[in-house]
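Reviewing the structure listed below.
Numbers restart at 1 for each chain; the letters A, B, ... are given by sequence-line order, proteins then strands.
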2 protein chains.
Amino acid sequence: MSLEHRSGCPINLALEVFGDKWSLIVIRDIMFGNRRHFNELLAGSDEGIASNVLADRLQRLVGLHMLSRAPDPSHKQKVVYSLTEPAIQLVPVLAHLGAWGVRHLPTSRELSVRAELLERGGPEFWDRFMDELREQHLGIPRPLGVPSAFAELRAAYEAELARA
Amino acid sequence: MSLEHRSGCPINLALEVFGDKWSLIVIRDIMFGNRRHFNELLAGSDEGIASNVLADRLQRLVGLHMLSRAPDPSHKQKVVYSLTEPAIQLVPVLAHLGAWGVRHLPTSRELSVRAELLERGGPEFWDRFMDELREQHLGIPRPLGVPSAFAELRAAYEAELARA
DNA sequence: CTAACCAGTTGTAATTTGCAATTAGTTGGC
DNA sequence: GCCAACTAATTGCAAATTACAACTGGTTAG
């Protein structure tokens, strides 16, 4: 994909991966929305991504080893996209980015709830969530008896929806 | 700048501000490189930003209230760009993003040192650095007797340069 | 059988971005 | 007071990205 880099700066290299309007949106929807199929990502996107842009970003992120792609055993035509370990480790970055957005940009109330919960939860909550992603996406079993961070995020969002 | 947003999601809105290849590079150079003038940002950029792109991003970031622009009293032609409080609060985001980049991308050793120091320092170090940015960019005096985080970052970088 | 679904692809137009050269005004050295 | 270098941009053109709509070859549920 990119054999020549603009510089070896960590922030620059991260921007070479995610420095566009759509890549992180795709990661976000897979990570927090558990959207694993092309159509889920296409139709479920609040931002209305175009099918060719989605196809391009999926292919690109697979090439950069941020996502992996596998046929769906239960449906010969479907393809399942999974987060790789590097992508899972974006959780703290996205948590901080979301928290910053809530503080400084005109976010909608119902979509802010999860970002706020993610921020309040702090590193312990992020670790719990990342273990859950490793289970869902990498097939690595997570510790028994630990409550689901994903369920808490979902519950907070549903509760906020019901309040309105 | 953008009266219509794709969605009210915090991450999406943050991407509408920084979702391109250059905006965060500019912020990074002002924040960590203390580059305050157009030419410093243009010539000092490792990544080689073009002058029209730099001009566009500066204007855009000023419009979005991430930067402020003021004439330089000591030189009638110069303009000084400063971080605003929202931009200063990106420090934890950039710290996490840099740490992620060091871990998962082919960063160069000398440019990684600062990111590693920034990560190891944790929230207390970030707060110290942000207070220093508030002094430099907003004119808010910082607590007396607190050592300079900026100097520590600079020293770590110089030391690594000397080692090679 | 057939209609809906699946992950894309193709074509085209509009928009955005990048690069090189240039600009009008300012400054410092002599 | 002259001139070369500096300053923050701007202009013209090429290239890349994005949006929108239609379409594809195969799959599946009823």
Side-chain angles (χ1 to χ4, degrees), chain A residues 1-7 12 15-26 29-30 33-64 67-82, chain B residues 1-7 12 15-27 29-30 33 35-64 67-82:
Chain A
M1 180 81 15
S2 46
L3 289 186
E4 41 188 323
H5 298 292
R6 300 190 299 187
S7 85
N12 172 61
L15 283 176
E16 289 186 20
V17 176
F18 300 113
D20 72 87
K21 293 234 181 303
W22 292 111
S23 294
L24 269 188
I25 293 287
V26 172
D29 284 347
I30 297 177
N34 200 30
R35 308 222 164 95
R36 308 293 295 274
H37 304 294
F38 190 93
N39 261 7
E40 290 176 339
L41 289 163
L42 185 66
S45 160
D46 284 346
E47 291 84 12
I49 191 170
S51 64
N52 59 341
V53 176
L54 176 58
D56 177 84
R57 291 309 182 280
L58 287 171
Q59 194 180 337
R60 186 181 135 82
L61 290 169
V62 168
L64 292 169
L67 298 178
S68 66
R69 197 191 110 111
D72 186 335
S74 74
H75 191 298
K76 276 181 191 164
Q77 208 169 0
K78 281 187 181 174
V79 167
V80 182
Y81 290 96
S82 301
Chain B
M1 178 81 19
S2 47
L3 287 185
E4 41 188 325
H5 297 292
R6 300 190 300 186
S7 84
N12 172 61
L15 283 176
E16 289 186 20
V17 176
F18 300 112
D20 73 270
K21 293 231 180 305
W22 292 110
S23 294
L24 269 188
I25 293 287
V26 172
I27 299 273
D29 284 347
I30 297 178
R35 308 220 165 93
R36 310 293 295 273
H37 303 295
F38 190 92
N39 262 6
E40 290 175 339
L41 289 163
L42 185 66
S45 160
D46 284 345
E47 291 82 14
I49 191 170
S51 64
N52 63 336
V53 177
L54 176 58
D56 177 85
R57 291 309 183 283
L58 286 171
Q59 193 179 338
R60 188 181 133 82
L61 289 170
V62 168
L64 291 168
L67 298 178
S68 66
R69 197 190 111 112
D72 186 335
S74 73
H75 189 301
K76 274 182 191 163
Q77 207 169 354
K78 280 189 181 173
V79 168
V80 181
Y81 290 97
S82 302

Handout entry: Where at least one partner belongs to residues 35-44 of chain B, residue pairs that pass salt bridge (Lys or Arg N to Asp or Glu O under 4.0 Å), sequence neighbours excluded
Key =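 Salt bridge (Lys or Arg N to Asp or Glu O under 4.0 Å) check on residues 35-44 of chain B returns B:Asp29-B:Arg35.
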
Length of the line joining [X]:[atom1] and [N]:[atom2], which is rounded to integer Å:
X	N	atom1	atom2	value
B:Leu58	D:dT10	CG	P	11 Å
A:Leu42	C:dT9	CG	P	13 Å
B:Leu54	C:dT16	CG	P	19 Å
B:Gln59	C:dT16	CD	P	14 Å

Exercise for the section: By nearest nucleotide on DNA chain D, pick out whichever of A:Ser74 and B:Arg36 is the more 5' one. Expected result: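 Per heavy-atom nearest nucleotide, the more 5' residue is B:Arg36.
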
Could you go over nucleotides 2-6 of chain C and give all protein N or O partners under 3.5 Å, atom names and distances?
residue	atom	partner	partner atom	Å
C:dC6	OP2	A:Asn39	ND2	3.1
C:dC6	O2	A:Gln77	NE2	2.3

Problem - B:Arg60 side-chain N/O to B:Val17 backbone N/O, donor-acceptor pair under 3.5 Å - result: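 Checked: pair present.
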
May I ask you to test the [X]-[Y] pair for a side-chain heavy-atom distance under 4.5 Å?
X	Y	result
B:Leu67	B:Ile30	yes
B:His37	B:Val80	yes
A:Arg6	B:Ile25	yes
A:Leu42	A:Asn39	yes
B:Val62	B:Tyr81	yes
A:Leu58	A:Val79	no
B:Ile27	B:Leu61	yes

Problem - Side-chain N,O (B:Arg69) to OP1/OP2 (D:dA9) below 4.0 Å - result: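 B:Arg69 to D:dA9 OP1/OP2: side-chain N or O found under 4.0 Å.
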
Handout entry: Presence of B:Tyr81 side-chain N/O under 4.0 Å of D:dT7 phosphate oxygens OP1/OP2
Key =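 Looking at the OP1 and OP2 atoms of D:dT7, neither is under 4.0 Å from any side-chain N or O of B:Tyr81.
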
Close N/O contacts between protein and nucleotides 16-19 of chain D (under 3.5 Å):
residue	atom	partner	partner atom	Å
D:dT18	OP1	A:Arg57	NH2	3.0
D:dT18	OP2	A:Arg57	NH1	3.3
D:dT18	OP2	A:Arg57	NH2	2.0
D:dA19	OP2	A:Trp22	NE1	3.3

Handout entry: Residue whose nearest DNA chain C nucleotide is more 5′ - B:Lys76 or B:Ser51
Key =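 Checking each residue's closest nucleotide, the 5'-ward one belongs to B:Ser51.
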
